[in-house]
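These notes concern the structure reproduced below.
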Protein chains: 2
Amino acid sequence: MSTSDPERSYHHGDLRTALVAAALEQLEAGGEAALSLRAVARACGVSAMAPYRHFAGKEDLLEAVAASGFEALAVSLEAADASAEGAQALAAQGVAYVTFACRHPALFRLMFMGPGCKADRSQAYAILERRAAALAGPRMSAGDLTLAAWSLVHGLAALILDRRVLLEGEAAEDAARRITLAFAQLAAGG
Amino acid sequence: MSTSDPERSYHHGDLRTALVAAALEQLEAGGEAALSLRAVARACGVSAMAPYRHFAGKEDLLEAVAASGFEALAVSLEAADASAEGAQALAAQGVAYVTFACRHPALFRLMFMGPGCKADRSQAYAILERRAAALAGPRMSAGDLTLAAWSLVHGLAALILDRRVLLEGEAAEDAARRITLAFAQLAAGG
DNA sequence: ATCGGATGTTGACACTGTACACAACCTGCC
DNA sequence: GGCAGGTTGTGTACAGTGTCAACATCCGAT
């Protein structure tokens with residue numbers, strides 16, 4: 001009840017981080033539509049206007065959440081890439097991409113379909129590009145191959161998330177494995 | 001001013017259609033976020049509650065808009081498919097898909113990323129499947145090939161729309177042409 | 001002519017995002 | 001110590017949203 005109680009102190013301590021975490025939580029719980037800035041503030045035990053001291057507005061907060069998502073995605077891709085060589089590594093990245101999307105559907109949607117969302121995608125992109133360029137054959141340029149690979153896994157993830165194609169859990173990852181591998185081998189001229 | 005004036009008559013005449021049209025207009029103008037049911041009603045010169053006589057709620061109206069989008073997409077795909085043969089036809093469908101997405105970005109997003117959105121995709125899917133199955137070779141099953149082809153163009157469209165990849169107008173269609181054609185030829189074992 | 005169902009209207013409620021003015025707190029200086 | 005000033009959080013307020021309930025109006029069948 002006094003200033004020694006951190007729970008009740010006037011200043012939160014690390015509101016910015018807490019807001020991002022709470023927003024992510026609400027996002028995963030009910031999708032972007034069910035995410036209100038006021039509710040996020042409430043979850044942090046803070047007034048509705050407090051977030052404005054750390055973010056320009058709702059959109060800005062969502063962008064921060066998306067940015068944290070891109071970091072996590074990059075880590076996943078890096079790990080997957082390191083787990084194999086050549087076409088297998090490219091396929092592993094594809095599976096990791098789809099897996100990430102399936103495990104964090106709302107976050108994934110926010111990252112890519114968010115409003116404006118200038119969040120930095122370059123890191124994740126670089127990991128893919130490095131591997132794809134190494135596999136480019138006479139059929140496709142390195143640029144086209146990279147774009148095609150990304151489109152393939154991104155589209156697959158999007159279709160699965162939006163229930164456009166009915167693949168659940170394991171089945172989704174299996175399909176991703178088969179398709180990305182077939183693509184990688186074809187593209188590599190194998 | 002009297003009942004003979006259709007503009008001012010109590011009953012609208014064909015509100016349902018007018019609402020869908022107005023919603024589509026607002027959607028294309030400002031994206032899904034900037035689409036309010038009240039504004040749509042206002043645009044139709046009708047009170048805020050009138051739409052509820054024709055739709056269960058906002059979501060239901062959006063679903064109707066999405067459904068009309070799927071019909072338009074199916075028409076585009078059918079025309080593209082008829083314009084060529086074999087792998088070329090598959091590539092043409094891919095280009096048409098991306099072109100549709102670029103020309104109606106908000107509608108495309110709504111169709112695929114809308115809330116729940118059980119709108120019927122099967123017609124558009126059937127057109128793609130028919131062509132893809134005919135090209136299936138020893139490398140990939142017909143099912144995988146269809147899924148891969150769809151994922152490829154859907155992902156490409158999504159990445160372009162969300163500015164994940166910077167392709168404007170002509171460049172987008174060119175990329176779609178190159179990539180889908182390369183993919184179709186590879187998959188066909190050419 | 002009238003009755004009933006379809007269609008539209010008005011008013012209200014609980015929300016939302018956000019602007020403005022104020023309060024509490026921390027930090028560096030004297 | 002005490003006191004300025006900037007940072008962070010609060011309260012109130014406003015316009016706008018989706019939706020509910022009760023009421024008004026109109027069209028078509030009887």
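By convention in this document, chain letters (A, B, ...) are assigned in the order of the sequence lines, proteins followed by strands, and residues within each chain are numbered from 1. Both backbone and side-chain heavy atoms feed into the values below; hydrogens, waters and symmetry mates do not.
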Protein-nucleotide distance (A/R53, atom CZ; C/dC26, atom C1'), rounded to Å: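 These atoms are roughly 15 Å apart.
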A/R16 CZ to D/dT7 C1', straight-line distance once rounded to whole Å: 15 Å
Student check: side-chain heavy atoms of B/L73 and B/L77 closer than 4.5 Å: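 B/L73 reaches B/L77 side chain to side chain.
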Minimum side-chain heavy-atom gap A/L15-A/R53 below 4.5 Å: no
Qualifying salt bridge (Lys or Arg N to Asp or Glu O under 4.0 Å) pairs, either residue in residues 85-103 of chain A, two or more places apart: A/E85-A/R131
Closest listed nucleotide, where the reference is the side chain of B/H54 and the choices are C/dT7, D/dT8, D/dT10: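 The answer is C/dT7, which lies nearest to the side chain.
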Ion pair check, B/R130 and B/E78, cut-off under 4.0 Å: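 Looking at B/E78 together with B/R130, the answer is yes, because their closest N to O distance falls below 4.0 Å.
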Considering only nitrogen or oxygen atoms on both sides, find all protein atoms under 3.5 Å from nucleotides 17-20 of chain D and state each distance.
from, atom 1, to, atom 2, distance (Å)
D/dT17, OP1, B/S36, OG, 3.1
D/dT17, OP2, B/R42, NH2, 3.0
D/dG18, OP1, B/L37, N, 2.7
D/dG18, OP1, B/K58, NZ, 3.4
D/dG18, OP2, B/L37, N, 3.1
D/dG18, OP2, B/R38, N, 3.0
D/dG18, N7, B/R38, NH1, 2.3
D/dG18, O6, B/R38, NH1, 2.9
D/dT19, OP2, B/Y52, OH, 2.6
D/dT19, OP2, B/K58, N, 3.0
D/dT19, O5', B/Y52, OH, 3.0
D/dT19, O4, B/R38, NH1, 3.3

B/K58 side chain to B/L35 backbone, donor-acceptor under 3.5 Å: yes
